[in-house]
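One structure is given below, encoded as structure tokens.
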Amino acid sequence: MTYRQFASAPVTLLVSGAAAPTPAPEPCLPAARPPRRPDAGAVSAAPARTTARPRPRPDAAPPAGAKEFLLVELHRTYRPDALRTALRAVLRAAPPETGEPEADEPRAAGPSGGPDPLWRRTADRPEDLDRVLVELGRGLAAGPPLRAVLVEDGQDRPQRLFVGLAPGPPGQAAELLEELREALAHPPEPVTVPTSALQREMLRQVLGQPDHGGRHVEQLSWNWHGPLDTERFTAAWQSVMDRETVLRAAFDWDEDGENGGGGEPWMVLHDRAAPEVTRHPHGTADWDDLLAADRRRGFDLRRPALLRATLLDAAPDADEGPATRVLLSYHHAMLDSWSVRLLLQSFYRAYLADGVLPGGERRPDVRDHARWLQAQEADAARQFWSTRPGATAVLPLAQDPRRRGSGRARRRLTPYEAVRLRGWAATWGAGESSALQAAWALLLYRAAQSGRPRRPARAVRVGFAVTVSGRGIPLDGVERLPGALRNPLPISVRLHPGTTMPQLLAALRDGVLDLAAYEWVAPGQAHRWTPGARGPRPNSLVVLEHQPTTAHHSRLESDLAAHGIHVESPAPAGTFTSYPITLAAHYDATGGLVLTATHDRALLADQDAVELLSQSAHLLRTFPDLPSGLSTTEVLRSTLAGQPAPRLGEPGDDTGQSPDSTAQSPDDPVQSPDDPGPAHCRGATDCPGFPDAVGPAVRLEVLRRAARPGAGWVLLLPPPGAPGTGYPGAARDWTGPQALGVLRPGGDDRPPAAYRPVLGPLAESRAPVALVAPPGLGAAAFEIARLGAPAHPPVVVLLGEDGDLSAVAALLGDRA
């Protein structure tokens, strides 16, 4: 390298070689003249003559205000995180920085908020090395006394580490070098943080388990419309990792501990972590295969950054422009869904700022949360749980070793159905989470009663787990703290045949509110402290995903749109948790409520899991149309009458597959996540994975809700051979105040007695009922009407050939 190449940079001296008092060292580069390797030291340098200047060439004058710096090459291999720790230790002890930063200075921020003292660059040729060292000199011109660059030549040769030291008072460079030697020879102990009880319970389920099947690994995916710069994408995540302590954290444990080498774990906070971003061009990978492989891969829990991103380019579209599918995977032992959505907001801010997130480390962080947890006394929590009754009935399961892996299925409520459900729950002072829990509690109650054939229904205390945010604790800033705070806690509710839906919603709502003061208690602790801990432990989990709201979200969308970028709302794929079945709900971009069930196939057959999911969705759809006074038994009869109860706890055939049929693809979904499936399974032809299911007798499908309480019901009988969409436009054309519904038989030639489970509860509620029959079904309608209460028999109305419902509304008026 000649002096001319440094004319545009604030560098006038590059020195390398062994220290020598006289003569002045000749300025040269290590690439041209390798420095002498010391015998035992790790550093070779020439700090003595800092005023030596090369003779300027006639055609190149040094720039005004040019500064000198010393170049040092380290000859011993160090881990990048150890190097950064040593460099930061020296910087903290160095004099304060002076000088103004250059406009073109690299802006990679470190965890402390300042520039990263260690860069990583590639140099395949000597001139590339010249360029890297010029960049190092420019960085030193900004004021820091010391910086380093790790150079890779791309030819599988050892990395070369160069340290640049800015000139200062006499002896300062020598002191900094000595401090660097000492810091590298005696690295500081890593910062460790105790794990929470919740983290320890999750880690015990995966440590020492080579075939964990992606347990506790969650995936978020969404579409990115517009240009996506991979380098900028990676730099933005690097800035977020530099700011967020939790993304530089990993776990460690004693190898000789219990549980197959999984001793008591703790968190290790690393000084640096690099994001893992993989991009696949269009046509090189299948999206479903990519998701399954990523989930099975899991995470190395000893390495920091338990979060990674995968990009898959979509097919080019001339009208829509470029698009990319983004997959973000993370481990629940380190992060929860609320945390990842917070991190996504920071990532978008960094991406808009050329990959740089301003500001220092976020506080509070996992250290502050761990400190708060250690200060909590367990006596009050133990006393609270000791007064809560335990469940007497949970989801009955049995191990079947012939089934392996995890399953996944999905159903969806339309935006209209979701709004109706939310409004119905709000009428009784509850939220949609309480409605979701109520549907699950009814299914558990039904499963418990199905084991008592031909016996009167009895009161049962059903139990399952619900998630709490973990952010209701008195810690300042906890709502913006990323970490593993979301917590599944057991809850139980007593149901008896006379329990009404408002009573059930209130009991569930109050039960969850009672947990608010003890959101930090781990589920295992809560079970041990509950009376009768030897009894059944809740083995199902109900989750409603919420997104953090922020005033900056709309502004971020506008700023992204200004760059031609539109990002969709991330959708979770569903986590394989420690519970045999997890029912999770989240809102999609259109406002629909998506229900996802993930289950352990060894404990629950695919067909049973899908049936539970379908029945849950059906209950949520019909809740808003049920009379408020219906009891638990009446609700189940009017909504699930004739539908088969899942064969819970019965080892046997799993959709006709052989024991080895799931081994090749143990994590295949029962149904495609992109297909919400039918509104409700009605037999083998309508429900994938249900060849052995028995169709329901009669199902009530509600088309229009009553205009006022007590208005009654108008029930339509489908004409013979009518398709599933019979009576098109009936809900739109109906003008009466009554609720409008269709009685749909599950098969052909259903006897009148099959309608009793539906009509019985309606008749007992003393609500007026009218049966509307098409031509040819008049006799059958009269036979069905005779099943009603003798004192309040249903009214039978025969339709004309035109099937005009407006005439029926005028005929009935308010008499139905």
Side-chain angles (χ1 to χ4, degrees), residues 622 625-627 629-630 633-643 680 682-683 694-707 710-731 733-816:
T622 56
D625 298 304
L626 295 175
L630 289 186
T633 304
E634 293 168 339
V635 169
L636 291 174
R637 284 178 180 175
S638 61
T639 56
L640 302 179
Q643 299 179 24
H680 185 77
R682 295 181 293 274
V694 179
V698 176
R699 181 170 62 90
L700 172 59
E701 179 180 318
V702 179
L703 302 180
R704 175 69 68 85
R705 190 176 181 180
W713 290 79
V714 172
L715 304 179
L716 306 176
L717 298 177
T725 57
Y727 294 107
D733 300 336
W734 180 246
T735 59
Q738 301 87 357
L740 184 67
V742 180
L743 295 176
R744 297 198 182 277
D748 297 332
D749 299 327
R750 289 293 183 183
Y755 291 81
R756 187 188 301 276
V758 177
L759 291 179
L762 299 180
E764 293 172 7
S765 65
R766 306 181 68 84
V769 178
L771 289 179
V772 179
L777 284 184
F782 280 104
E783 291 296 326
I784 295 172
R786 296 176 60 185
L787 300 173
H792 303 280
V795 176
V796 177
V797 179
L798 297 181
L799 275 178
E801 295 292 340
D802 55 357
D804 186 7
L805 290 180
S806 60
V808 176
L811 174 67
L812 293 176
D814 290 342
R815 295 184 303 143

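Computed from heavy atoms alone, side chains included, the values below leave out hydrogens, waters and symmetry copies. Small disclaimer: the values here were computed from a predicted structure and weren't measured.
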Measure the spacing between CG of D625 and OG1 of T639 and express it to the nearest 0.5 Å.
-> 11.5 Å
Shortest non-hydrogen contact from [X] toward [Y]:
X: L771; Y: A781; answer: CD1-O, 3.7 Å
X: L743; Y: P718; answer: O-CD, 3.0 Å
X: W734; Y: L805; answer: CZ3-O, 3.6 Å

Provide the full list of salt bridge (charged side-chain N to carboxylate O under 4.0 Å, His left out) pairs with a residue in residues 769-781, sequence neighbours left out, each pair given once.
-> none
Does any pair with a residue in residues 772-781 pass salt bridge (charged side-chain N to carboxylate O under 4.0 Å, His left out), and if so which ones, sequence neighbours excluded?
-> none
The side-chain contact (heavy atoms from CB on, under 4.5 Å) partners of A780 (sequence neighbours excluded) come to L777
Is there a side-chain contact between V714 and V797 (heavy atoms, below 4.5 Å)?
-> no
So, do L717 and P774 sit near enough that their side-chain heavy atoms are less than 4.5 Å apart?
-> yes
Test side chain to side chain contact (heavy atoms under 4.5 Å, CB included) applied to V742 and V772, L715, L716, the passing residue = L716
